[in-house]
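Throughout, protein chains are lettered first and strands after them, A, B, ... in sequence-line order, and every chain is numbered starting at 1. What you see below is based on every heavy atom in this structure, not just the backbone, and it leaves out hydrogens, waters and symmetry mates.
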Number of protein chains: 2
Amino acid sequence: MKDKIIFSIENDLCPVASALKVIEGKWKLPIIWVLCQNGTLRYNELKKSVVGITNMMLTSSLKELEESGLIKRVQFNEIPPRVEYSLTKAGEKLLPVLDELAKWGEELIK
Amino acid sequence: MKDKIIFSIENDLCPVASALKVIEGKWKLPIIWVLCQNGTLRYNELKKSVVGITNMMLTSSLKELEESGLIKRVQFNEIPPRVEYSLTKAGEKLLPVLDELAKWGEELIK
DNA sequence: CAGAATCCCACGGGATACTG
DNA sequence: CAGTATCCCGTGGGATTCTG
């Protein structure tokens with residue numbers, strides 16, 4: 001009997017486990033999704049686009065996504081302040097995943 | 001300025017939100033993933049394949065996935081008991097998503 | 001406008017033991 | 001073998017307030 005493919009968060013052999021580790025949490029995929037769809041967004045635009053998210057979760061999620069190299073933060077030193085977020089090249093590579101997920105979600109709705 | 005695409009868990013207009021609602025939780029995608037890769041698995045095989053999962057989470061996740069119509073449970077009335085799990089047609093429709101996710105995860109590892 | 005700082009709690013999930 | 005039944009806890013995340 002052939003060996004089974006396993007899922008393990010511990011060792012880094014499972015690509016799905018590695019992927020999930022980066023996009024875990026309630027709000028990361030939603031954030032990436034709206035950035036995908038809308039392109040560059042300001043902080044407050046993000047907050048309106050991701051319905052229900054709080055300042056704390058938005059800020060912390062953005063920070064983690066930035067550290068993972070998926071999104072880019074550009075700060076303009078103006079008054080009032082302006083900060084724009086967008087996907088990096090690496091972040092855009094998630095597009096196929098989200099597209100498939102959206103397709104699948106559409107099926108669910110109908 | 002054109003309207004922005006939003007993510008909202010509340011109303012069912014966002015396909016990504018609808019999708020995430022079904023596969024939320026720490027273990028559902030892992031379970032679906034190993035069923036994808038290995039085909040039909042028995043309870044204990046699942047438990048070994050999804051490293052770290054507890055009986056409780058395995059049981060409850062399987063139940064929810066079954067209720068969502070993504071997996072199929074077949075029970076054989078033997079001694080000792082045997083129960084086999086596999087993806088339904090609907091569950092297999094998640095394959096493209098997982099494939100893309102796995103591809104993306106591979107990139108992360110390298 | 002774009003956050004940071006606190007406080008706080010529900011609950012998702014873990015550990016262990018038990019059973020048809 | 002394939003689960004249940006309890007007990008329990010950490011922390012992900014919410015609500016609110018404050019600030020450069």
Side-chain angles (χ1 to χ4, degrees), chain A residues 1 4 7-10 17 20-35 38-68 71-86, chain B residues 1 4 7-10 17 20-35 38-68 71-86:
Chain A
M1 182 181 182
K4 298 196 179 3
F7 172 96
S8 170
I9 310 181
E10 302 311 322
L20 290 181
K21 230 185 323 191
V22 178
I23 56 175
E24 100 216 312
K26 188 173 178 181
W27 299 109
K28 290 198 191 138
L29 276 185
I31 288 172
I32 294 173
W33 170 245
V34 298
L35 285 177
N38 300 307
T40 300
L41 289 178
R42 302 178 61 166
Y43 182 89
N44 263 355
E45 291 175 323
L46 266 170
K47 184 147 188 235
K48 280 175 206 151
S49 302
V50 181
V51 177
I53 196 169
T54 62
N55 277 333
M56 253 206 50
M57 288 314 296
L58 180 53
T59 303
S60 73
S61 301
L62 285 171
K63 193 171 298 174
E64 291 180 37
L65 287 172
E66 200 189 349
E67 284 165 3
S68 304
I71 66 172
K72 184 172 40 196
R73 194 190 106 111
V74 181
Q75 177 174 349
F76 300 84
N77 289 317
E78 310 171 346
I79 308 278
R82 178 158 61 108
V83 180
E84 292 186 345
Y85 293 92
S86 56
Chain B
M1 182 179 181
K4 299 199 180 358
F7 172 96
S8 170
I9 310 182
E10 302 313 322
L20 291 180
K21 231 187 319 191
V22 178
I23 57 176
E24 99 214 314
K26 187 173 178 180
W27 299 108
K28 291 200 190 136
L29 276 184
I31 288 172
I32 294 173
W33 170 243
V34 299
L35 285 177
N38 301 307
T40 300
L41 290 178
R42 301 178 61 167
Y43 182 89
N44 263 354
E45 292 175 324
L46 266 170
K47 184 148 188 231
K48 282 175 204 149
S49 302
V50 181
V51 178
I53 197 169
T54 61
N55 278 331
M56 255 205 48
M57 288 315 295
L58 180 52
T59 303
S60 73
S61 301
L62 285 172
K63 193 170 297 174
E64 291 181 36
L65 287 172
E66 201 191 348
E67 285 166 2
S68 303
I71 66 173
K72 182 172 43 197
R73 194 190 106 111
V74 181
Q75 178 174 348
F76 300 84
N77 288 317
E78 309 171 348
I79 308 280
R82 179 158 60 107
V83 180
E84 292 186 346
Y85 292 92
S86 56

#### Entry: Residues which pass salt bridge (charged side-chain N to carboxylate O under 4.0 Å, His left out) with A:K63, listed by chain and number, not counting sequence neighbours
none

### Task
Round to a whole Å and report the spacing from NZ of A:K47 to C1' of C:dC1.
11 Å

### Query
To the nearest Å, how far apart are A:L62 CG and C:dC1 C1'?
14 Å

### Query
Of B:E45, B:R73, B:K72, B:R42, which is the lone residue that meets side chain to side chain contact (heavy atoms under 4.5 Å, CB included) with B:E84?
B:R42

## Note on the structure
Which of A:V50, A:T40, A:L65, A:I71 passes side chain to side chain contact (heavy atoms under 4.5 Å, CB included) with A:L35? It is A:I71

### Query
Is it the case that more than 12 heavy atoms not belonging to B:E10 sit under 6.0 Å from its CD atom?
no

For residues [X] and [Y], report the shortest heavy-atom separation together with the two atoms involved.
X: B:Q75; Y: B:N77; value: NE2-OD1, 3.6 Å
X: B:S8; Y: B:A17; value: O-CB, 3.3 Å
X: B:S49; Y: A:K4; value: OG-CD, 4.0 Å

### Query
Got a sec, which pairs hit salt bridge (Lys or Arg N to Asp or Glu O under 4.0 Å) with one end in residues 46-61 of chain A, sequence neighbours left out?
none

### Task
Would you indicate what B:T59 reaches in the nucleic acid, counting non-hydrogen atoms under 4.0 angstrom: base, sugar-phosphate, or nothing?
base

### Message
Any base atoms under 4.0 Å from B:Y85, or only sugar-phosphate, or nothing? Heavy atoms, all strands.
### Response
sugar-phosphate

### Query
How long is the gap from CD1 on A:I9 to NZ on A:K21, to the nearest 0.5 Å?
8.0 Å

### Message
When the axes are fitted on five pairs at both termini, how much does the helix from C:dC1-D:dG20 to C:dG20-D:dC1 curve, in 10° steps?
### Response
60°

### Message
Distance under 4.0 Å to a non-hydrogen atom of chain B counts as contact; along DNA chain D, which nucleotides mark the start and end?
### Response
D:dC1 to D:dT6

Would you give me the side-chain donor-acceptor pairs under 3.5 Å for residues 25-32 of chain A, sequence neighbours excluded?
unit_1: A:K28; atom_1: NZ; unit_2: A:E24; atom_2: O; d: 3.4
unit_1: A:K28; atom_1: NZ; unit_2: A:E64; atom_2: OE1; d: 2.8

### Task
Would you give a per-nucleotide map of nucleotides 6-20 of chain C, 5' to 3', where B means the base has a protein non-hydrogen atom under 4.0 Å away, S means only the sugar-phosphate does, and - means neither?
B------SBB----B

